[in-house]
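Basis for what follows: all heavy atoms, side chains included, without hydrogens, waters or symmetry-related copies.
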Amino acid sequence: MSGPKTSEARLDASRERKLEEERIKKSYIIYKIKSGEEFFCNSNINITDCDIQKKLNEKFLAYKKNFDKKLKNLSKKAVPNKNVETLEKMEGEFESAFSEFKENYEKVFLFFESNLNKIDQNEVFKIKNEIINLIDQISVTGSLQMRLISPKLEKLVNKFLSANRRDISKVEEVKVQDVKLSKQKSLKTFEFSQKKLKNQKNSENEERKKRENKKVDEKTIFLEIEKNANDVLEELKSFFDSDKFVVKTKNEILYLEKEILKIKDDKKVNFEIKEKLILEEKEIIENRLKDIEIENKKVEKLYNDYLKEVYFLGIEEKKLIKDFLSEEEIKKEIDLLKKKGKEIVKRNYIKEQLDEVMAKHGFNVIDPEEIDGVRKNTEVLYGIDDSTGINVFMTENASLVTLKVIGIGFDDEITDQESERLYQEQCNFCSLHPELLDELRNRGVILEEKKYNKADKRYNSKIRVKNFATDKKSDGKNKRKLRDAVKKKKMYKK
């Protein structure tokens, strides 16, 4: 009897443990390669001066092109179906090229960016020609020659900034002298005014002074409140605009923003009390932001674990940290992806073992390209001869495996003669099935009966192929194997 045979599939504990260890190793290697490629693709430079930006960017893109093909090809080939040893070798090749790129990117191009952006855009024209001359000297093929340019740039920028600071000091000195003269003039004017107003009552003078001092004090306090509140709001905005925080954290930042604004905009509180409240709230918020930074290290680590699973599964549309509601949601997503990854590893392992066991019995995989119609990646067709095959179905999570004898041909029609032949093949396969199960068990794949149907013509079906032919000798060998299996039938029944 051998209609479709559906088995519950599992792996033995030692095999499952070994495959999980391999999956973890593979996911880490793939993560390192893919995240390195992402860093490479996103690398750029940003100089405030347009002419210098254009010139330096041309050099950078020329340098980047040296690594583009190699890094992207290695990243493309870093997939889970490669064995650990192959992936480790690819990682070594990738890291060698990537570390060279990254070192020069940071020590030369980003060094140029940070140093040149220290100079005020309105001042950079003074040394623009010298800077462009240095950029022209950058060699995009030799690392050592590239790095020799950085000290020259640093020396040029520092020299310029020092000279600029001296010029600013002179300007400040002139301003100080002007202020002194202004104060002296004001003093003389004040003395003259005092003499002129000496006959006014002292009480009136004192009252006026108090009013003026109060106005000055209120204005000073108002400005201090504005400054402290705006400093906090600016820092909160910087946090909120960052992509490295989950929605829950961003909502907390919005709440902190509302708290500081509530104090700032309160018209019922006088300036002296408001100033104290703002300072207190500023301290509370700054301390909380420090705590958020520390707590977020855990979120960033979790996100890296999420990326490992994403890259392992080959998911193209990955989420950013800011797309997650909370830390708990990232954990749930990781668990979901891990489960999916384990299922794929299990399914692939079962398929690999089936391929080898079937090949041992002379039943080779028929290329899905040769089969008419759409085939799922959970289906495999093994050819017994030019007109018969064994079709294997697996569920997505590989919990169930079904084996079914099936007809193969250039059409869907089953004649009476073909129906009888397929029925006999069902009966023949029944005797071979236990042997296949034993061999798979020895390889760590355990298939246990879920539903084994008796041979019946109602199970006869046919798969249409585009171009299928087998060697006649192998056909004869396969048929002999099935005939031999029939002779073993009694032995399996015992």
Exactly one candidate in R23, K89, K26, E21 meets side-chain contact (heavy atoms from CB on, under 4.5 Å) with V84; the answer is K26
Mind checking salt bridge (Lys or Arg N to Asp or Glu O under 4.0 Å) for E396 and listing every partner two or more places apart, or none if nothing turns up?
R347
Do K308's NZ or CZ and the ring of Y31 fall within the cation-pi criteria of under 6.0 Å and 45°?
yes
Salt bridge between E327 and K301, side-chain N to carboxylate O under 4.0 Å?
no
My understanding is that only one of F39, F40, Y105 makes a ring pair (Phe, Tyr, Trp, His ring centres under 6.0 Å) with F98; could you say which?
F39
Has K34 got its NZ or CZ under 6.0 Å from the middle of the six-membered ring of Y311, at an angle within 45 degrees of the ring axis?
no
Y306 vs F324 aromatic rings, parallel, tilted or perpendicular, using cut-offs 30° and 60°?
perpendicular
So, are K72 and E37 salt-bridged, with charged N and O less than 4.0 Å apart?
no
Does the side chain of Y382 come under 3.5 Å of the side chain of D355 through a donor N or O and an acceptor N or O?
yes
For E93, salt bridge (Lys or Arg N to Asp or Glu O under 4.0 Å) partners two or more places apart:
none
Side chains of N83 and T86: is there a donor and an acceptor less than 3.5 Å apart?
yes
Check: S7/Y452 side-chain N/O donor and acceptor closer than 3.5 Å
yes
